[in-house]
There are 2 protein chains.
Amino acid sequence: MPTLSEVARHAGVTPATVSNVLRHRGRVGETTRQRVLDAVETLGYRPHLAARALAEGRAPTLALMVSSIANPFYPEFALAVERAARTSGHFVIICNTNEDPLTGRAYLDQIAGTLSEGVLVTNANLDFADLHTTEARGTPVVLCMWERPSEPPGLPCVAVDFRLAGELAGTHLLELGHRRMGAIVGSKASGIHATRYEGFVDALRAAGVAKNRVRHAVDTIRGGYLAARALLEADPQLTAIFATNDLPALGAMHAAADLGLCVPDDLSVVGITDIELARESRPALTTVAVPTVEAAGLAVDLLRELIESSYGQAGRGTKHVPMRISSAPRLVVRASTAVPRARRKAAANAGRTENLE
Amino acid sequence: MPTLSEVARHAGVTPATVSNVLRHRGRVGETTRQRVLDAVETLGYRPHLAARALAEGRAPTLALMVSSIANPFYPEFALAVERAARTSGHFVIICNTNEDPLTGRAYLDQIAGTLSEGVLVTNANLDFADLHTTEARGTPVVLCMWERPSEPPGLPCVAVDFRLAGELAGTHLLELGHRRMGAIVGSKASGIHATRYEGFVDALRAAGVAKNRVRHAVDTIRGGYLAARALLEADPQLTAIFATNDLPALGAMHAAADLGLCVPDDLSVVGITDIELARESRPALTTVAVPTVEAAGLAVDLLRELIESSYGQAGRGTKHVPMRISSAPRLVVRASTAVPRARRKAAANAGRTENLE
DNA sequence: CTGAAAGCGCTAACAT
DNA sequence: ATGTTAGCGCTTTCAG
């Protein structure tokens, strides 16, 4: 592979000049510029990114920490992150922590600041102390999906109002006439979904509805399935189930099917996130859409800014921790929610009565 | 961040020695070794990967080219790749081509050999010429999921016998008694699924069954849905549908549902791959499982070997192109396939008759 | 067993 | 407008 100096020699200039024309820095005469470009072309020169990284003191990569890329939310998010990262010439290294804080730490220790100039963190179950450490070492970190805009974490982040998401789900169910509902709260270990559930409960409480059973579950279709079955067996009168994530919501639909319940007529189901699968399920899942792509963009932008401003390096301690807030989640009504059957009958009767009048 | 020399100074030795103890190279006295280790510990030294990459002439990353990480197969594969890569100290940079050869080329041009010492390629719709170019420039490339073990491509690869996968699917349907089947062939553009379909057709042909309608589709649930509807509308007598991938197969199930057909009683559906969703669908999808994790492991191993042997750099042209073959795909019977209804009735009648005798 | 020295390919002040 | 000169942090012969 040709190097800068070879190109320089070929063009009859010095490496510095070549570097300048390539990076649009400094002033370079038009003729030499052309000569250099030609040399680059004929030699097929490509800058050596590792060398450049060393010289610049910054590698053109971002580390994206995820718990497991196999969870369908992450790929969608990762794709958005990659798109955003490319616009600033960054590559993304994908780091699966598998929910293991030690794996996460190992990643941070190895690449933060040495191969990546920034770290993006999703709910990867990382140790916050480790994140602070890497930040203290000079590598900016941003949390990509903070759940509580009202309670900033100690780290730069992009917050999404997940409490509102839960509330919207609850309100929707309430408006349809549901009064007896179940809730499936995912990610028990990390407790990260608590906020969503709070929002849901708030909605019910505001409406004076107290009937609400909860069940924790792992954040998968299967987890939701199991939780929903338990919920439905404990209280067969439930007319609706809210899940803090789409995957468990999908599982709840399966559980309903297995119990001979028809969704949405016998049981309404609503989730949160709006992953692609939500659109593709049968019936299509009503869910509260979270601005994933937007959040990814905001996160990358924020990280980029922190990098430029060398956040963390300078006056540590006194600076305020930036937080960006994404646009609000919004309800997407599809086919998995409806007026509960009992109500519908009542409404039908009412209608008939009216007709008779 | 502390550097090697700082550690050296702190330990009263030279950088070379520190490097040696850290990399278990060269002979170092036990006492100095300990001293160095202590210094590393107290200073919190972490090797600068970019610097090391430059000095060693090789960056510790692998580029994984995928068409779109949002397609659920890729995350599963990517996860396996990352796991395998880590065992040799490699990080993985995820490169979404979005099916665009130009994007793919841009990635290759930028990072191959400059930030990544190897490239892993899935069906990312890359230009083979570009791959050959990067190989010629000295960066090993391996194709991760070559579909025809009998026809090696010109590049190192891991092959999976996808013809057999199609055949297994066909045979399964045949054995259940299906005679009138439809096929959904995905990824028309790249033609990559043709082999799977061939296998399917071979099976039918061998059984003397010619009834088989084909339809091409994009490789998504929606694509499968559309194709299945078209198939079923064109020939309502179809008792089974084979799809060259799980996603379209899932879509076919939805189409059946919308047409009032019960899977598997009215229509059997079988796919290929066995992505996680196949286990989670309702009914669970019968499919031909492909050894994804194994293939990922083989691909990383192969790539690693090529890197060690500096394949491509030395005696170009005369070498033979290595190919690894994964274990065979195998049928996983779940709930989406069954004996066709007509047959079942016949069998029932036969049974009754026998009983009467 | 350890140190000295050169250099990986590039960038960045500073000179000219 | 271009050239000079130092490194970036690490590895790696080759001496001692």
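Please read all numbers here as calculations on a predicted model, not as lab measurements. Reminder, nothing fancy here: chain letters follow the sequence lines and each chain counts from 1.
B:Pro15 and B:Leu4 get closest at one heavy-atom pair: O-CD1, 3.7 Å.
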Could you walk me through whether B:Arg35 and B:Asp38 pass salt bridge (Lys or Arg N to Asp or Glu O under 4.0 Å), step by step? CA-CA 5 Å; B:Arg35 210 141 30 88; B:Asp38 286 352; over 6 Å; no

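Between B:Thr32 and the phosphate of C:dT2, there is a side-chain N or O to OP1/OP2 separation shorter than 4.0 Å.
For DNA chain D, the outermost nucleotides in 5' to 3' order that have an atom under 4.0 Å from a heavy atom of chain B are D:dG9 to D:dT12.
Between B:Ser116 and A:Leu49 the shortest side-chain heavy-atom distance does not fall below 4.5 Å.
Between the P atom of C:dC10 and the CG atom of A:Leu49 lies a distance of 10 Å, rounded to the nearest Å. For the pair A:Leu4 CG and C:dG7 P, the interatomic distance rounds to 18 Å; values are reported in whole Å. The nearest whole Å value for the distance from the NE2 atom in B:His48 to the P atom in C:dC8 is 19 Å. When rounded to the nearest whole Å, the span between CZ of A:Arg58 and P of C:dA12 equals 9 Å. Atom CZ in A:Arg46 sits about 11 Å away from atom P in C:dC10, given to the nearest Å. Atom CD in B:Glu117 sits roughly 19 Å away from atom P in C:dC8 (whole-Å rounding).
By the ring-ring contact (aromatic ring centres under 6.0 Å, His included) test, B:Tyr74 is found to be paired with no residue, residues two or more places apart in sequence or in another chain being considered. Applying the salt bridge (charged side-chain N to carboxylate O under 4.0 Å, His left out) criterion to B:Glu6, with sequence neighbours excluded, gives no partner residue. Scanning for salt bridge (charged side-chain N to carboxylate O under 4.0 Å, His left out) contacts around B:Glu147 gives B:Arg196, with sequence neighbours left out. For B:Asp109, the salt bridge (charged side-chain N to carboxylate O under 4.0 Å, His left out) partners two or more places apart in sequence, or in a different chain, are B:Arg137.
Residue contacts for B:Thr114: at a heavy-atom cut-off of 4.0 Å it reaches no nucleic acid atom on any strand shown.
Listed by residue number, the members of residues 6-24 of chain A with any heavy atom below 4.0 angstrom from DNA chain D are A:Gly12, A:Val13, A:Thr14, A:Ala16, A:Thr17.
Rounding to the nearest 0.5 Å places CG of A:Asn96 at 10.0 Å from CZ of B:Arg86.
Just one residue in the list A:Asn125, A:Asn123, A:Leu126 forms a side-chain contact (heavy atoms from CB on, under 4.5 Å) with A:Met65, and that residue is A:Leu126.
DNA chain C is contacted by both B:Glu30 and B:Glu56; B:Glu30 maps to the nucleotide lying nearer its 5′ end (nearest heavy atom per residue).
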